[in-house]
Amino acid sequence: MIADECKKIKNNFIDEIKNCSEAKCLSDIKIRYLGRKGIVSSLFKSISSLTQEERKTGGRELNLLKEHIEKTVREKESELRQKVSPASFFDPTLTGEKTDIPGNHPLKAVMNSIIYIFTAMGFGIAYGPEIEENYYNFTALNFPENHPARDMHDTLYLKEKDTLLRTHTSPVQIRTMEKHAPPYKFIAPGKCYRRDTIDASHSPVFHQVEGFMVDRDISFADLKGVLDEFARRIFEGSQDIKTRFRPSFFPFTEPSAEMDIMCSICRGKGCSSCSGKGWLEILGAGMVDPEVFRYCKVDPDKWQGFAFGMGVERIAMLKYGISDMRLFFQNDLRFLRQF
Ligand code: PHE
């Protein structure tokens, strides 16, 4: 009797599970057959009303049926799991797989070293937005209205009027002076954007660290001292690194200079990494122009100081002897594993 019943249930179950192709349907079947008030357990309950003999064989049949259903459900579950996309079968309770991704990106490592060196010299850290206003990126930094750097060629403008992706970290100078009274001594690390074509030494996204130090009595000699000390520390351990200062121009500093480091790839001979020059420019710097102070309502008769802005990619290339800036952004594990 009970054997017949089991057979009928088994056949029904086989039919149903055959037609089941998704998790919801499988879970319904599981509840209906194996749930606390399901078909199998109510059959087990009905056993008590049978004779001793019937109970023996019936019990065995029922156990076999239960095992069969459980096993088939398990198999179906794993079959469906393999079919389902990882997004819809995401189990947040599973422990993560150990990945083989290296810990420190060379740019991050160099950025951290730069921050470490300057904070050890007593510089604080300031941050500013990557989406910037024309005023902070250009106007308050004393860029004349028709300055070529404002040109579409260099700047990535956004749809909203007067907003752009900052082309340098210098706007953080202005934002900080607007918020705080002098003196100042901080660095401002971050991402910058320019409409540059990617090549071995240019990228439309790059990193800079701005430096700003203003007090009653800060001179160009202080600027040179700080930057020389920085170069000595960041290239510590690399073979004798040579630096040079060249006069330059920036609308927001006067006088202005650029610091070059001898190309570590060609040792000054000229190669594709340094565009044949033998030297790589790593930073621009100068004494803060009084006009910039005036924009920020800081009295230029009382306060003076220097600013600099360095390119993190260039420094990382020199430090590690990397010949092509594109390597930083390609995520090639063979490259990244070396750091
Ligand atoms: N902002 C300049 C640039 O991106 C660098 C710079 C910073 C120059 C501070 C002078 C002072 O080229």
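Read the numbers this way: they start at 1 and go in the same order the structure lists the ligands and their atoms.
For Phe245, there are no ring-ring contact (aromatic ring centres under 6.0 Å, His included) partners at least two apart in sequence or on another chain. Contacts of Asp28 classified as salt bridge (Lys or Arg N to Asp or Glu O under 4.0 Å), with partners at least two apart in sequence or in another chain: Lys24.
Residues Phe186 and Phe118 keep their aromatic ring centres 6.0 Å or farther apart.
The existence of a salt bridge linking Arg232 and Glu229 is confirmed by a sub-4.0 Å separation between a basic side-chain nitrogen and an acidic carboxylate oxygen.
Taking the six-membered ring for Trp and thresholds of 30 and 60 degrees, His105 and Phe328 have ring planes inclined between 30 and 60 degrees apart.
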Ligand 1 polar-atom proximity to protein (N/O, under 3.5 Å):
from     : atom 1 : to     : atom 2 : distance (Å)
ligand 1 : 1 (N)  : His168 : ND1    : 2.8
ligand 1 : 1 (N)  : Ser170 : OG     : 2.9
ligand 1 : 4 (O)  : Arg194 : NH2    : 3.0
ligand 1 : 4 (O)  : Gln208 : NE2    : 2.9

Side-chain donor-acceptor contacts of residues 209-220 below 3.5 Å, not counting sequence neighbours, with atom names and distances?
from   : atom 1 : to     : atom 2 : distance (Å)
Glu210 : OE1    : Thr169 : OG1    : 2.8
Glu210 : OE1    : Ser170 : N      : 3.2
Glu210 : OE1    : Ser170 : OG     : 3.3
Glu210 : OE2    : Ser170 : OG     : 2.7
Glu210 : OE2    : Gln173 : NE2    : 2.7
Ser219 : OG     : Ala221 : N      : 3.2
Ser219 : OG     : Asp222 : N      : 3.4
Ser219 : OG     : Asp222 : OD2    : 3.3

